[in-house]
Novice: 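Sharing a structure here in structure tokens format.
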Amino acid sequence: MGDKLQLACMSNMQLQEHIRRLSKNSACVMLTFHAQERMLERSVSDWEVFECLRSGVIQRPAVRDSKKHTIRCRMEHFGSARNLAVIVALDEEEPELIVVTVLTKRGG
């Protein structure tokens with residue numbers, strides 16, 4: 001039997017490494033319809049989302065979603081033209097990253 005991940009017990013650094021590791025395999029990343037709509041609205045490419053997941057940082061505490069039994073993390077990637085944040089949901093029962101939404105902010 002495989003050990004279940006204890007996501008709620010992980011530090012930001014551990015969650016960040018977990019997200020980076022999973023996102024190396026694009027088959028492990030699921031984009032919700034809402035995230036795809038926000039990407040289109042904000043002119044964010046798939047490549048930018050994956051770059052954020054693979055090299056971004058978590059600076060804010062993870063949030064437990066008690067309704068969906070997931071942990072939500074905000075991966076942020078800071079660029080010269082704009083900053084990108086990708087909100088992902090992690091589920092101890094599912095081996096995937098679920099991209100919930102994508103946010104942008106112009107650098108200034």
Novice: Between side-chain atoms of residues 41-49 and protein atoms elsewhere (two or more places apart, or another chain), which donor-acceptor pairs fall under 3.5 Å?
Specialist:
from  : atom 1 : to     : atom 2 : distance (Å)
Glu41 : OE1    : Arg38  : NE     : 3.4
Glu41 : OE1    : Arg38  : NH2    : 3.2
Arg42 : NH1    : Val102 : O      : 2.4
Ser45 : OG     : Trp47  : N      : 3.4
Ser45 : OG     : Glu48  : N      : 3.1
Ser45 : OG     : Glu48  : OE1    : 3.4
Glu48 : OE1    : Ser45  : N      : 2.8
Glu48 : OE1    : Arg82  : NH2    : 3.0
Glu48 : OE2    : Arg82  : NH2    : 2.9

Novice: First locate atom CZ of Phe50, then atom NE2 of His77, and finally report the distance between them rounded to the nearest 0.5 Å.
Specialist: 14.5 Å

Novice: Which ILVMFWY residues are connected to Ile98, directly or by a chain of links, through side-chain heavy atoms under 4.5 Å apart?
Specialist: Met30

Novice: With side chains defined as the heavy atoms from C-beta onward, is the minimum distance between Leu90 and Ile19 less than 4.5 Å?
Specialist: yes

Novice: Applying salt bridge (Lys or Arg N to Asp or Glu O under 4.0 Å), can you list everything that pairs with Glu37, at least two apart in sequence or on another chain?
Specialist: none

Novice: State the CG-OG distance between Leu53 and Ser26, to the nearest 0.5 angstrom.
Specialist: 11.5 Å

Novice: Does any pair with a residue in residues 56-74 pass side-chain hydrogen bond (donor to acceptor under 3.5 Å, both in side chains), and if so which ones, sequence neighbours excluded?
Specialist: Arg74-Glu76

Novice: Spell out, yes or no, whether Val29 and Val88 are grouped together once hydrophobic residues are joined by side-chain heavy atoms under 4.5 Å, including indirect joins.
Specialist: yes

Novice: Check whether Thr32 reaches the backbone of Val99 with its side chain - one donor and one acceptor, N or O, closer than 3.5 Å.
Specialist: yes

Novice: Can you name the side-chain hydrogen bond (donor to acceptor under 3.5 Å, both in side chains) partners of Thr101, sequence neighbours left out?
Specialist: His34

Novice: Return the CD to CE distance between Glu17 and Met13, rounded to the nearest 0.5 Å.
Specialist: 6.5 Å

Novice: If you round to the nearest 0.5 Å, how far is CG of Leu97 from CZ of Arg20?
Specialist: 13.0 Å

Novice: Going by the rule side-chain hydrogen bond (donor to acceptor under 3.5 Å, both in side chains), which residues pair with Glu51 if we only count those two or more places apart in sequence or in a different chain?
Specialist: Ser55

Novice: Atom CD of Gln16 and atom CE of Met75: how far apart are they, to the nearest 0.5 Å?
Specialist: 5.0 Å

Novice: Answer with yes or no whether the hydrophobic clustering places Met10 together with Ile58; edges join I, L, V, M, F, W, Y residues whose side-chain heavy atoms lie under 4.5 Å apart.
Specialist: yes

Novice: In the single-linkage hydrophobic clustering (I, L, V, M, F, W, Y; side-chain heavy atoms under 4.5 Å), do Leu31 and Leu84 co-cluster?
Specialist: yes

Novice: Could you give the distance from CG (Asn83) to CG (Leu103), rounded to the nearest 0.5 Å?
Specialist: 11.5 Å

Novice: Pair Leu22, His18 - check side chain to side chain contact (heavy atoms under 4.5 Å, CB included), show working.
Specialist: CA-CA 6 Å; Leu22 282 178; His18 178 68; 3.3 Å; yes

